[in-house]
Protein chains: 2
Amino acid sequence: MKKSDRSVTIKDIAREAGVSISTVSFAFNGTAPVAQETKERIFEVIKRLNYQPNSAARGLVTRKTNNICLFTPHPASDFFSFSGNSVFSDLLQGIGDVLDQRDYNLLIAWDNLGHKAKTPKLVKLMRERAMDGVLIALPSHDSSVIEELSEHQFPMVIVGTNDRKNQINSVDVDNYDIGYRNTKHMLGLGHSRIAFISPGPLEFLVCEDRLEGYRDALQEAGIKYREDYVFIGDEKEHSGYRAASSFLSLKETPTAVVSGRDIQAVGVLEYARENGLSVPNDLALISFENTELAQKYNITSSTTDLYEIGKEGAKLLHKVLTRKKDRSAQNVVIASELIIRSSCGAKPKS
Amino acid sequence: MKKSDRSVTIKDIAREAGVSISTVSFAFNGTAPVAQETKERIFEVIKRLNYQPNSAARGLVTRKTNNICLFTPHPASDFFSFSGNSVFSDLLQGIGDVLDQRDYNLLIAWDNLGHKAKTPKLVKLMRERAMDGVLIALPSHDSSVIEELSEHQFPMVIVGTNDRKNQINSVDVDNYDIGYRNTKHMLGLGHSRIAFISPGPLEFLVCEDRLEGYRDALQEAGIKYREDYVFIGDEKEHSGYRAASSFLSLKETPTAVVSGRDIQAVGVLEYARENGLSVPNDLALISFENTELAQKYNITSSTTDLYEIGKEGAKLLHKVLTRKKDRSAQNVVIASELIIRSSCGAKPKS
DNA sequence: CTGAAAGCGCTTACAG
DNA sequence: CTGAAAGCGCTTACAG
């Protein structure tokens with residue numbers, strides 16, 4: 001192990017196999033025909049010496065790194081805490097499954113606020129060509145970084161709500177539509193006083209979309225949108241609790257709640273329990289995500305399959321990376337399904 | 001934007017600034033003295049043209065990639081589900097904070113079982129020199145991959161329990177000691193029938209360590225270790241519930257439980273509530289991790305600061321990467337603190 | 001303080 | 001089917 005400081009290179013293989021380095025390259029990459037006999041000799045040596053081409057050298061000439069970056073334009077803490085457990089790991093897993101299979105490495109990066117002086121990390125990664133393409137998770141309105149990559153036509157796919165449809169590739173469920181349909185579902189059950197809990201700050205596009213779906217469904221039903229029926233929650237159960245508390249202290253209390261995420265719905269349930277309210281009789285409840293929580297607490301919820309989003313996002317990026325001519329942006333919509341459980345079931349009292 | 005297909009290179013800067021490429025390199029990297037005036041001219045051009053050295057070209061000669069890999073020798077799903085939400089994001093954040101500051105990129109990889117035919121991902125990354133070093137999370141007994149990297153003296157740090165102390169760098173809390181002290185705490189309160197819930201399969205070294213600490217504390221107190229007082233749980237609350245149910249159906253029921261992780265303790269609490277048992281009067285409870293759950297449910301728990309582990313792990317790896325001569329392996333122990341809450345407080349009934 | 005040149009380890013025309 | 005040569009974009013002795 002003393003001399004293994006110096007890795008084995010293509011020259012070593014060539015010498016040992018008695019051929020030129022081009023032939024080794026052709027054989028290894030299958031990029032030109034090589035005599036069967038020669039090929040066998042070469043591969044024997046490759047195996048014996050544990051040869052693996054140096055990625056920097058190869059990348060220098062091919063202009064590819066085989067690195068894909070998963071990026072989120074937020075401080076890591078915000079991203080992870082907003083996403084919650086399963087959400088993030090599901091997304092990562094979907095991405096990872098595809099990249100593994102196609103032999104890409106996964107880089108992970110986020111915006112380091114506080115370092116605002118330096119060039120943003122993602123821009124640096126692009127300029128120094130440290131990655132071939134990027135998956136953007138949880139985009140927000142302020143997207144100067146995305147803009148910059150976009151100007152340079154850097155390959156990217158947004159996994160999540162996309163502000164600029166038809167300009168940038170994206171994969172997501174249709175949060176607007178789910179918001180719309182969840183609300184519609186409550187309207188269909190006879191509710192007219194329907195409140196909404198945002199899954200997080202409206203700065204996150206996904207939150208805005210869900211809210212707008214809610215708003216438009218109300219409007220279509222001729223119901224006025226009221227500010228006091230909207231609560232901006234966060235990723236904690238307690239924000240659902242506080243939302244419920246806020247709604248139910250109004251003069252005219254809502255009879256139904258469209259919760260922005262399952263864990264908030266759990267908070268609503270908790271408040272209802274403590275205050276002797278029956279769900280769905282006193283308060284009907286519907287949510288987004290359909291996580292394990294929804295199942296555990298019997299909450300009606302619309303699926304948002306993050307694994308699928310990750311998988312399709314990675315696939316799309318790979319497609320972009322391997323096709324010759326650029327085509328117009330593609331916006332993939334992952335189907336969502338409403339899983340009906342007891343929390344929304346009954347007609348309202350009034 | 002038409003001609004930006006071709007990135008700007010060091011040649012462009014040299015030409016534009018009227019100097020040689022070596023001088024540009026010296027100025028940019030501060031690696032040799034450059035006349036103030038020349039320097040200014042060069043940096044003006046660099047700024048104007050948005051120059052950033054190509055990482056592959058640079059890496060080819062420096063033999064550094066500035067990529068660090070966070071690796072776990074498990075399928076991603078196992079890793080994430082075992083770790084749970086905050087655990088993983090805390091670790092990642094600690095690592096990220098350090099890496100950000102020191103200008104490393106973070107690669108993330110896991111073992112793709114099912115692909116057992118191919119060379120393991122991490123070995124491939126090492127051989128093709130796609131990363132400078134690796135942080136290993138959640139190591140297990142079967143560590144042929146770690147062994148291989150270790151033989152090649154590839155820079156690595158284990159963030160988590162380390163099987164081969166004093167051979168491989170590592171950073172962790174002392175899980176054995178916490179297991180020992182948690183158990184000791186219960187003994188000190190007068191308990192003698194103390195059960196243990198493993199946080200996961202013993203295949204994970206962290207689980208084994210916690211269990212051994214428990215076992216040794218008992219032994220030291222002259223109490224016999226009983227198999228039926230040990231339950232192998234998992235990352236789900238329900239495993240705590242099942243553990244409690246199993247313990248309390250024994251002929252001789254335990255009066256205290258050392259829970260392997262907070263969420264299991266919550267499961268124990270749930271079982272106790274359903275069965276009219278008082279905690280801590282009928283069953284005293286102590287746990288590991290001290291997550292938000294411990295606070296919410298008033299569970300006595302020992303801290304395991306994953307953020308700190310990640311941070312120190314990244315720091316140690318950076319140290320290994322930048323020092324000239326190798327020194328012997330270093331094993332950093334992160335301090336743990338026992339946070340006493342009501343779940344353990346009272347003396348046992350018997 | 002500055003430049004010309006070699007070389008890092010590959011791939012890819014080009015010629016045969 | 002195979003090899004010699006150029007070149008990817010840098011860094012780093014070496015000379016001056």
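Everything numeric here is computed off the predicted structure, so don't read it as measured data. A, B, ... follow the sequence lines: proteins, then strands. Residue 1 opens every chain.
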Undergrad: To the nearest angstrom, how far is A:K64 atom NZ from C:dC10 atom C1'?
TA: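 Value for this atom pair: 15 Å.
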Undergrad: Does B:R63 have a side-chain nitrogen or oxygen under 4.0 Å from the phosphate oxygens OP1 or OP2 of C:dG9?
TA: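 Answer is yes, contact under 4.0 Å.
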Undergrad: In whole angstrom, what separates B:Y51's OH from D:dG9's P?
TA: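 Answer to the nearest Å: 10 Å.
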Undergrad: Counting just side-chain N and O atoms, does A:T62 come under 4.0 Å of either OP1 or OP2 of D:dC8?
TA: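 Answer is no, no contact under 4.0 Å.
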Undergrad: Could you give the CZ-to-P distance, from A:F26 to C:dT11, as a whole number of Å?
TA: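 The answer, rounded to whole Å, is 10 Å.
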Undergrad: According to a 3.5 Å limit on both distances, what stems of 3 or more consecutive Watson-Crick or G-U pairs are formed with DNA chain D?
TA: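 Detected stem regions: C:1-3 with D:14-16, C:5-12 with D:5-12, C:14-16 with D:1-3.
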Undergrad: Given the rule in the salt bridge (charged side-chain N to carboxylate O under 4.0 Å, His left out) test, do A:R127 and A:E148 qualify, once you have shown the distances and angles that lead to the verdict?
TA: CA-CA 11 Å; A:R127 288 215 197 113; A:E148 180 154 1; 3.4 Å; yes
Undergrad: Could you check whether any side-chain N or O of A:D132 sits under 3.5 Å from a backbone N or O of A:T65, counting only pairs where one atom can act as donor and the other as acceptor?
TA: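 Yes: the side chain of A:D132 pairs with the backbone of A:T65.
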Undergrad: Are any of B:N54's side-chain N or O atoms less than 4.0 Å away from OP1 or OP2 of D:dC8?
TA: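 No, no such contact exists.
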Undergrad: Between A:I10 and A:P53, is there a side-chain heavy-atom distance shorter than 4.5 Å?
TA: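 The answer is no; the side chains never approach within 4.5 Å.
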Undergrad: What is the distance from CZ of A:R58 to C1' of C:dC8, rounded to the nearest Å?
TA: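 My rounded result for the distance is 16 Å.
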Undergrad: Whether A:K121 and B:D100 form a salt bridge (side-chain N of Lys/Arg under 4.0 Å from carboxylate O of Asp/Glu) is what I want to check.
TA: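 Looking at B:D100 and A:K121, the cut-off is met.
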Undergrad: Quick one: B:I10 CD1 to D:dT12 P, roughly how many Å, whole number?
TA: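 Checked: the CD1 to P distance equals 11 Å.
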Undergrad: Determine: side-chain N/O of A:S25 to OP1/OP2 of C:dT11, distance under 4.0 Å, yes or no.
TA: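 Yes, because at least one side-chain N or O of A:S25 sits under 4.0 Å from OP1 or OP2 of C:dT11.
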Undergrad: I'd like to know if A:R41 pairs up with A:E37 as an ion pair, taking the criterion as any Lys NZ or Arg NE/NH1/NH2 lying under 4.0 Å from an Asp or Glu carboxylate oxygen.
TA: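 No.
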Undergrad: Between C:dG3 atom P and B:K11 atom NZ, what is the distance in whole Å?
TA: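 About 16 Å, once rounded to whole Å.
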Undergrad: Write down the distance between CD1 (A:I13) and C1' (D:dG3), rounded to a whole number of angstrom.
TA: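 The answer, rounded to whole Å, is 18 Å.
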Undergrad: C:dG3 phosphate, OP1 or OP2: any side-chain N/O from B:S20 under 4.0 angstrom?
TA: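 Affirmative; the distance criterion is met.
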Undergrad: Check the side chains of A:S20 and A:T23 for a donor-acceptor pair under 3.5 angstrom, ignoring hydrogens and angles.
TA: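 Short answer, yes.
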Undergrad: With a 4.0 Å cut-off, would you call B:R58 and A:E128 a salt bridge?
TA: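 Here B:R58 does not pair with A:E128 in a salt bridge, since their nearest N and O are not under 4.0 Å apart.
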Undergrad: So, is A:T38 close to the D:dT2 phosphate, meaning a side-chain N or O under 4.0 Å from OP1 or OP2?
TA: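 A:T38 to D:dT2 OP1/OP2: side-chain N or O found under 4.0 Å.
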Undergrad: In whole Å, what is the span from the CD atom of B:E128 to the P atom of C:dG9?
TA: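 In whole Å, C:dG9 P lies 15 Å from B:E128 CD.
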Undergrad: Side chain of A:V61: nearest nucleotide among D:dT12, C:dT11, D:dT2?
TA: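 The answer is C:dT11.
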Undergrad: Identify whether any heavy atom of B:P33 sits under 4.0 Å from a base atom; if not, whether one sits that close to sugar-phosphate; answer base, sugar-phosphate or nothing.
TA: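 Answer is base: heavy atoms of B:P33 come under 4.0 Å of a base.
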Undergrad: Please state whether the phosphate of D:dT2, meaning OP1 or OP2, lies under 4.0 angstrom from any side-chain nitrogen or oxygen of A:T23.
TA: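 So the side-chain polar atoms of A:T23 never come under 4.0 Å of the phosphate oxygens OP1 or OP2 of D:dT2.
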Undergrad: Report the residue (B:S22 or A:L60) whose heavy-atom-nearest nucleotide on DNA chain C is the more 5′ of the two.
TA: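 Looking at DNA chain C, the more 5' nearest nucleotide goes with B:S22.
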